[in-house]
Amino acid sequence: MCGFVGYVNQSDVPEDTINHMADRIKHRGPDDEAYFADGKVAMGFRRLSIIDLAHGRQPMYNNDETKVLTFNGEIYNYQEIRKELQEMGYEFKTDVDSEVLIHGYQAWGADLLQKLRGMYAFVIYDSKTQEVFGARDHFGIKPLYYYDDGDTFMWASEIKAFLEHPNFKKELNTSLLPIHLSFEFIPSRETMFKNVYKVLPGQYFLHKNGKTETHRYWKFNYDHIDESQTVEEDADKIEKLVDESVKAHMIADVEVGSFLSSGIDSSYVLNEAAKLKPIQSFSIGFKNSKYSELAWSTEFAKEIGQKNTEIYMNGDDYFDILPTMMYYMDEPLSNPSAIQLYYLTKRTRESVKVALSGEGADEFFGGYNTYLEAIPFERYQKWVPKPIRKAAGAVAAKMPRFHGKRFLVRGAQPLSERYYRVNYVFNYEDRAKVLKDPSINVDSGAYTKHIFDDVAGKDEMTQMQYFDINTWLPFDILHKADRMSMANSLEVRTPLVDKKVAEFAETMPVHTRITPDETKISLRTAAERQLPKKTALKEKMGFPSPIASWINDPKYHERIVNEFHSDTAEKFFNTAELDRLLDEHANGKSNMQKIFTIYTFILWYQVYFPEDTNVDTLSLVHRTQV
């Protein structure tokens, strides 16, 4: 696990630029550093040693030293690919997965990607062809960005590394602010920095002769659903898949731990890992048991004979770390659970270098209660003609609030507009009120409609899951997991976000994923065979926190009010509307997510654009760091 940086060289760039870029992401790899430069390309690497600790230094070269690799991640099937390459005549100097990538690229080019199973981002420079090739794993577990303004091309594991390059033009992508306010992230290749792009999950880029092109080598799809499958059959397959995937994800030359909440996903992963060797788990919570899962998680760990470490945090911890969190996040992300994850990874890193996590089960197996929404809406659409639904929705929208108004309004909308993640924080009307310049407001449904179009012929539950797998999972769940863990130099592995698991999930019919009474039914059936019944059937808590009540606490309320009247707030938002949101929240209407989204955006802007603020950025970012 590590971080890397690089750029196509230019005569006016100081030689030590690559070192400074790598230093910016030292947290991703504090164990080692190394560099490559040939006058045309410069590459830098920071290493967190996990496998074959004595070898595997990067940048790594092929045998004739014409290709140079930097790589972040783990290839879980590297040994079988290594054997195939050896049979083709390739000689290996180490037993690390990095060497498999560089020989594999020499043997198969981009077709190597079809063979890989793992979490990865890597870049290979070919000095013969003067090509730069970069790829990201199937799901976006590991990050990869590039900057391309037509003159300068560079890449890195994290955007902040670009700040050290003299030709990086740091500009806010203001047009994406309403998109961020809708989704709490940017659900596309674009970022909040102009000319900075994400390499999407399952995508690679090729840069040559000053031109950059991207290609998709893999994408999750529902083209092979097998309606004949039963819950019991799918549970059998899930049991085998989880068992095999956890074994693959446990490979390391350092101690591996596991995150543990009270829910089924992390409990199932921990239970499977504990069959292989004793494993320490780590849980975070609050003194107020209403928001804490610690009692559940510790009891479960005891039941399976493992040690659980309880970690507590309070409101001061939460609010003090926010500027630092936004620095490590690269882009504004307003998921309140990110702060818990930061503290969880920080304490976990004191004991282990690697931790397993249960992300992905809800998206692949149908775990979110919102998917059940499809049942009444599909019935409504089936029995009520579209013209009548549209008329009813139009009338209801103009009437005062009454029971059923929301259903009628939404029932007139296509799923691409109605699905709650599309206007997850602010809807179009609310954005128009809160934005200083409402003319930049856009239709967020139109921004992501192409994702729903991919599965237009499928049922609504399937469309919702497909949307989440292509947006919520990579741009929110996995993004925050990588940034918060790597901020603390901890490698997080996700056995349920796995190529083989996903290939099976693509075949599952709706009736083995969700019923009107139960979510992720096949996974629960599999887990119930392995776990205590109360754990297998427990409802999802979703990493809760007392943030809603803390917003009204005078100590933290004052901080928010100050930022809501800062120069940054005045630059982007209607501050009278921000005051109204706070007043409504104090009077019982929950505006937590809206308030938190605005607040974290302001903090993020102050960290990354300090020249536009009067904020001591270094103090903000480093005051809580040890």
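Being a predicted model, the structure only gives us computed values, none of them experimental.
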Exercise. Hey, which of Phe122, Trp155, Phe133 is the one that makes ring-ring contact (aromatic ring centres under 6.0 Å, His included) with Tyr204?
Worked result: Phe133

Exercise. With a 3.5 Å cut-off and no angle check, do the side chains of Tyr35 and Glu33 form a donor-acceptor pair?
Worked result: yes

Exercise. Trp218 vs Phe139 aromatic rings, parallel, tilted or perpendicular, using cut-offs 30° and 60°?
Worked result: perpendicular

For this session: With rounding to the nearest 0.5 Å, note down the distance linking CG in Leu85 to CH2 in Trp108.
Result: 3.5 Å

Exercise. Where does the angle between the aromatic ring planes of His27 and Tyr328 fall among parallel (under 30°), tilted (30 to 60°) and perpendicular (over 60°)?
Worked result: perpendicular

Exercise. How are the rings of Tyr147 and Phe162 set to each other: parallel, tilted or perpendicular (split at 30° and 60°)?
Worked result: tilted

Exercise. With distance as the sole test, does Asp149 use its side chain to make a donor-acceptor pair with the main-chain N or O of Thr152 at under 3.5 Å?
Worked result: yes

For this session: Indicate yes or no for a side-chain donor-acceptor contact from Arg513 to the backbone of Met508 under 3.5 Å, with no hydrogens or angles considered.
Result: yes

For this session: Take Arg493 and Glu74 through the salt bridge (charged side-chain N to carboxylate O under 4.0 Å, His left out) test and state the conclusion after the steps.
Result: CA-CA 9 Å; Arg493 297 181 179 180; Glu74 307 286 351; 3.5 Å; yes

Problem set entry | Residue pairs fulfilling salt bridge (Lys or Arg N to Asp or Glu O under 4.0 Å) with at least one residue in residues 83-92, sequence neighbours excluded | Glu84-Lys115

Problem set entry | Euclidean distance, Ile321 CD1 relative to Ile339 CD1, rounded to 0.5 Å | 9.0 Å

Exercise. Between Phe153 and Phe205, does the ring centre distance come in under 6.0 Å?
Worked result: yes

Seminar exercise, completed: With sequence neighbours left out, the residues meeting side-chain hydrogen bond (donor to acceptor under 3.5 Å, both in side chains) with Tyr105 are none

Exercise. Looking only at atom types and distance, does a side-chain atom of Asn488 sit under 3.5 Å from a main-chain N or O of Leu490, one as donor and one as acceptor?
Worked result: no

Problem set entry | Flag, side chain of Glu99 to backbone of Thr94, donor-acceptor distance under 3.5 Å | yes

Exercise. Do you see a donor-acceptor pair shorter than 3.5 Å between the side chains of Thr309 and Gln280?
Worked result: yes

For this session: List the steps, then state whether salt bridge (charged side-chain N to carboxylate O under 4.0 Å, His left out) holds for Lys219 with Asp454.
Result: CA-CA 11 Å; Lys219 191 173 184 179; Asp454 288 346; 2.8 Å; yes

Exercise. Is the backbone N or O of Asn221 less than 3.5 Å from a side-chain atom of Glu506, with the two atoms forming a donor-acceptor pair by type?
Worked result: yes

Exercise. Taking His479 for the side chain and Met329 for the main chain, is one N or O donor matched with an acceptor at less than 3.5 Å?
Worked result: yes

Identify all side-chain donor-acceptor contacts of residues 196-203 below 3.5 Å with residues at least two apart in sequence or on another chain.
residue, atom, partner, partner atom, Å
Lys198, NZ, Ile186, O, 3.1
Lys198, NZ, Ser188, O, 2.7
Lys198, NZ, Glu190, O, 2.5
Gln203, OE1, Leu200, N, 3.0

For this session: Validate the cation-pi geometry between Arg136 and Tyr120: distance from NZ or CZ to the six-membered ring centre under 6.0 Å, angle to the ring axis within 45°.
Result: no

Exercise. Given Lys26 and Asp31, is the salt bridge (charged side-chain N to carboxylate O under 4.0 Å, His left out) satisfied, shown in steps?
Worked result: CA-CA 9 Å; Lys26 181 180 179 180; Asp31 294 340; over 6 Å; no

For this session: Return yes if some donor-acceptor pair links the side-chain N/O of Ser261 with the main-chain N/O of Gly263 below 3.5 Å, else return no.
Result: yes

For this session: Assess the side chains of Ser485 and Thr345: does a donor N or O sit below 3.5 Å from an acceptor N or O?
Result: no

Problem set entry | Output field: ring centroids Phe193/Trp604 closer than 6.0 Å | yes

Exercise. Should we count NZ of Lys240 as having more than 12 external heavy atoms under 6.0 Å?
Worked result: no

For this session: Please name the residue in the list Val41, Leu69, Val68, Val132 that meets the side chain to side chain contact (heavy atoms under 4.5 Å, CB included) test with Val123.
Result: Val132

Exercise. Sub-3.5 Å donor-acceptor pair from the side chain of Asp137 to the main-chain atoms of Gly118, do we have one?
Worked result: no

Seminar exercise, completed: Closest non-hydrogen contact found for Ala301 with Leu260 is CB-CD2, 4.1 Å

Exercise. Under the side-chain hydrogen bond (donor to acceptor under 3.5 Å, both in side chains) test, which residues partner Asp234, sequence neighbours left out?
Worked result: Gln229, Thr512

Problem set entry | Partners passing salt bridge (Lys or Arg N to Asp or Glu O under 4.0 Å) against Glu350 (at least two apart in sequence or in another chain) | Arg347

Exercise. Does the ring centre of His207 sit less than 6.0 Å away from the ring centre of Tyr146?
Worked result: no

Problem set entry | Contact check, side chains of Gln530 and Glu239, non-hydrogen atoms, under 4.5 Å | yes

Exercise. Is the backbone of Leu341 close enough, under 3.5 Å, to the side chain of Lys480 for a donor and an acceptor to pair up by distance?
Worked result: no

For this session: Could you check whether the rings of Phe504 and Phe365 sit parallel, tilted or perpendicular, using 30° and 60° as the cut-offs?
Result: tilted

For this session: For residues Phe71 and Phe4, establish whether the separation of their ring centroids is below 6.0 Å.
Result: no

Problem set entry | Backbone of Cys2 reached by a side-chain donor or acceptor of Asn72 within 3.5 Å | yes

Exercise. Residues two or more places apart in sequence or in another chain: which of them pass side-chain hydrogen bond (donor to acceptor under 3.5 Å, both in side chains) with Asn62?
Worked result: Asp64, Thr66, Gln106

